[in-house]
A.B. asks: 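What follows is a single structure, and I will ask about it in a moment.
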2 protein chains.
Amino acid sequence: MQSERVYNFSAGPSVLPLDVLETAAREMTNYGGTGMSVMEMSHRSKAYLEIFNETKQRLRDVMNVPETHEILFMQGGATFQFAAVPLNLMGENGSADYALTGNFATVSSKEAKKYGTVNIAATSADRSHTYIPAQSEISASADASYFYYCSNNTIYGTEWQYVPSAPSPLVCDMSSNILSRPVDVSKYGLIFAGVQKNMAPAGMAVVFIDKSLAGHELPYTPKIMSYKTTIDKDSMDNTPPCYTIYMLGLVLKWVEAQGGVAEMERRKIQRAKLLYDYLDESKLFHGVAQPDSRSEMNVTYRTGDADLDTAFVKAAAAAGFVNLAGHRDVGGIRASIYNAMPIEGVAKLVEFMKAFETTNS
Amino acid sequence: MQSERVYNFSAGPSVLPLDVLETAAREMTNYGGTGMSVMEMSHRSKAYLEIFNETKQRLRDVMNVPETHEILFMQGGATFQFAAVPLNLMGENGSADYALTGNFATVSSKEAKKYGTVNIAATSADRSHTYIPAQSEISASADASYFYYCSNNTIYGTEWQYVPSAPSPLVCDMSSNILSRPVDVSKYGLIFAGVQKNMAPAGMAVVFIDKSLAGHELPYTPKIMSYKTTIDKDSMDNTPPCYTIYMLGLVLKWVEAQGGVAEMERRKIQRAKLLYDYLDESKLFHGVAQPDSRSEMNVTYRTGDADLDTAFVKAAAAAGFVNLAGHRDVGGIRASIYNAMPIEGVAKLVEFMKAFETTNS
């Protein structure tokens, strides 16, 4: 079955482990002898609550989430959190710090402006978001309600290689690198991640929130966006995206079976090194991001000739390496190499790039 | 495979057609020769856009949605719409009419109070929501921004058997009876439905909106809740719940193949008649809802003895008729008989009830 599958370098939704998909297919019409699909289960049923609670506990274990923090499953992906974060956390201070290192932090800051004052604590817009500012380049406010950043920039191919420090609680969008490395969750007030890259099919975000931050939402906050309500009702004030949570559970089992996030990190470094080492020696292709700011999840590169980039993407797709076009806002080439991308997928892509370079030099 | 499956009377998430689940299982690791699962597809890819556009068009055809109305796919289910409706439609009038005929209309009206004045145009709370008010009992305001009602009350087992008339645009929550009968969508300003009953697995709502109503949202409306943005971006301002949309597409194909909503209505009447006819003649069981207000999707009934109700639900589950307990707020017994419940499931349930009555009289 593997042989019929392509190598899928999509930035999200993206490749899932084949084992996980095969389990989902096998359990589709009758889960564990219940006589029904997980899709058909009442979210209040014993069978479903076991799936829900096991998945939540497994996420706590895999990500080492401390008891100070609650785990929430919320619909709407990261875009929903762009509003939920300021609605819940802007509070009485009425201002927050944002580090603008890419598209999604910028979009998020625009949403936050509806609910309070946004201080631009750092920005990489001056050099087209090709780098991550150093700690010394960050101007955090003393009285902000929180400090917001996005740890990996899917479009630009940059990634924070350090955890910034700030006087206010850290809020981080980890949509595109969660589960790819160990994280000290205790350093954060709130972490969220749209699940559609390293975790599950699209349709949900996972939130880790320091419980002491909840309960101060603005009066016009929609109930579905209230962290307090979601904590109090254990993510079931309304019907949760049950099947997406089940899929997340299968992915987490797979991560555990492989060796956890430490092993995910080892493989991530191995995959990224293969690709960046070649980009550094290639005469045709060159990486876009500044070397010390490179993402190990989304590798952006170019030939310097937009037509040749397009020809490469097309030729690669014909050879079974699909979704290599850069984001429509920036063009170029992008290989997203998430947890479920096997190392041989990257090795074969590098071989293909070498052959393409030979043909086109 | 059917023989291993139970008859699932869950109120939602609920039974799906077995054909649909088998197709989903078969296509799980490699959809239509693309070499990947639908779960792994970029929402911007050609393969996925075909699924998306076909599903949207099929929904337009099946529900006969006029071109004046746009079809939206939004995450968050009905609870999300409880906020989105007033945020988008409350507008300059600042008031709306609500008919309170059950739990979800009441919850929705409480959410709306955050954003404007709520006029209670009708309520059935005086008799525990066991009936639907007649048109003559409705006091609609001349200057409301919209008139809101919920067409089927899942918890109480009542259903509007007529379309109310009001001076302002009708807004209807059809979560638990959409696709069960033909609807004249042109009569409505907005219809929404959480998909987890008659349409798809939980994690989305479908919205039909008269385009002329969009574009007047309150300034603090989260972008993800803006109907205008969702219309302008064709439900893809952010990553949509791609797989849920795919599943909806499979269900719509099944509805079409069976004969469309006209056939769904014929079967619905047949299923409900089997159950209500028996309830009307039974000496042990009696229906809860007033006969002229009975729901043909959620049939609520009791023995008059709470312990015996519980014993019945337990015995039924052991015999393969599962999820028959009434909602925890009201107790009793509830059989949800959505589109995917085969007629023989209801026939066999009635046989089981008759045997239970004989044993317990």
Side-chain angles (χ1 to χ4, degrees), chain A residues 1 4-6 8 10-16 18 21-22 24-26 28-30 34-37 39-45 75-80 82-84 87 111 114-115 194 196 201-204 219-220 222-225 237-244 247 320 322-323 328, chain B residues 1 4-6 8 10-16 18 21-22 24-26 28-30 34-37 39-45 75-80 82-84 87 111 114-115 194 196 201-204 219-220 222-225 237-244 247 320 322-323 328:
Chain A
M1 190 170 288
E4 300 168 10
R5 286 181 37 101
V6 293
N8 177 10
S10 171
S14 43
V15 58
L16 289 166
L18 183 60
L21 295 171
E22 287 174 342
R26 201 166 53 241
M28 182 61 81
T29 60
N30 190 344
T34 58
M36 66 179 77
S37 176
M39 293 183 184
E40 302 176 294
M41 289 181 181
S42 164
H43 56 297
R44 310 280 182 195
S45 66
Q75 292 181 55
T79 301
F80 181 101
F82 295 168
L87 279 164
E111 191 77 345
K114 293 180 188 167
Y115 311 112
Q196 73 273 18
M204 187 168 80
Y220 46 76
K223 188 170 69 147
I224 199 170
M225 285 192 171
D237 183 56
N238 63 322
T239 312
C242 300
Y243 194 74
T244 311
M247 287 300 301
V322 306
N323 288 319
R328 63 197 185 288
Chain B
M1 192 170 286
E4 301 169 8
R5 289 185 30 106
V6 292
N8 178 9
S10 172
S14 43
V15 59
L16 289 165
L18 182 60
L21 295 171
E22 287 174 343
R26 200 167 53 242
M28 181 61 81
T29 61
N30 190 343
T34 58
M36 65 179 78
S37 176
M39 293 185 184
E40 303 176 294
M41 289 180 181
S42 166
H43 55 298
R44 310 280 182 197
S45 66
Q75 292 182 56
T79 301
F80 181 102
F82 295 167
L87 280 164
E111 191 77 345
K114 293 180 187 167
Y115 311 112
Q196 73 273 19
M204 187 167 81
Y220 45 76
K223 188 170 69 147
I224 199 170
M225 285 191 171
D237 183 56
N238 64 321
T239 313
C242 301
Y243 194 74
T244 310
M247 287 299 301
V322 306
N323 289 318
R328 63 196 185 289

A.B. asks: Measuring heavy-atom distances to chain A, does B:Met36 have an atom under 4.5 Å in its side chain, in its backbone, in both, or in neither?
C.D. replies: both
A.B. asks: For a quick test of reading the model, state the closest non-hydrogen atom pair linking A:Gly76 to B:Ile224 and the distance between them.
C.D. replies: O-CD1, 3.4 Å
A.B. asks: Counting only non-hydrogen atoms closer than 4.5 Å, does A:Tyr115 touch chain B with its backbone (N, CA, C, O), its side chain (CB onward), both, or neither?
C.D. replies: side chain
A.B. asks: By a 4.5 Å heavy-atom criterion (distance strictly below it), what part of B:Tyr243 contacts chain A: side chain, backbone, both, or neither?
C.D. replies: side chain
A.B. asks: Using side-chain hydrogen bond (donor to acceptor under 3.5 Å, both in side chains) as the criterion, list what pairs up with A:Glu40, not counting sequence neighbours.
C.D. replies: B:Arg5
A.B. asks: For each of B:Lys114, B:Met247, B:Met225, tally heavy-atom pairs with chain A at distances under 4.5 Å, and name the one with the top tally.
C.D. replies: B:Lys114
A.B. asks: Write down the atom of B:Glu111, the atom of A:Pro222, and the distance for their closest heavy-atom approach.
C.D. replies: OE2-CA, 3.2 Å
A.B. asks: Considering only heavy atoms, which portion of B:Ser14 lies under 4.5 Å from any heavy atom of chain A: side chain, backbone, both, or neither?
C.D. replies: backbone
A.B. asks: Measure B:Tyr220 against the heavy atoms of chain A and call it side chain, backbone, both or neither at under 4.5 Å.
C.D. replies: both
A.B. asks: The criterion is side-chain hydrogen bond (donor to acceptor under 3.5 Å, both in side chains); which residues satisfy it with A:Arg26, sequence neighbours excluded?
C.D. replies: A:Thr23
A.B. asks: Looking only at heavy atoms and a cut-off of under 4.5 Å, which of B:Gly12, B:Ala11, B:Ala24, B:Ser42 has the most pairs with chain A?
C.D. replies: B:Ser42
A.B. asks: Do B:His43 and A:Pro13 make a side-chain contact, defined as non-hydrogen atoms from C-beta onward lying under 4.5 Å apart?
C.D. replies: yes
A.B. asks: Kindly say whether B:Ala202 contributes a backbone atom to a donor-acceptor pair with the side chain of B:Gln196 at under 3.5 angstrom?
C.D. replies: no
A.B. asks: At a 4.5 Å cut-off on heavy atoms, which part of A:Met204 comes close to chain B: side chain, backbone, both, or neither?
C.D. replies: backbone
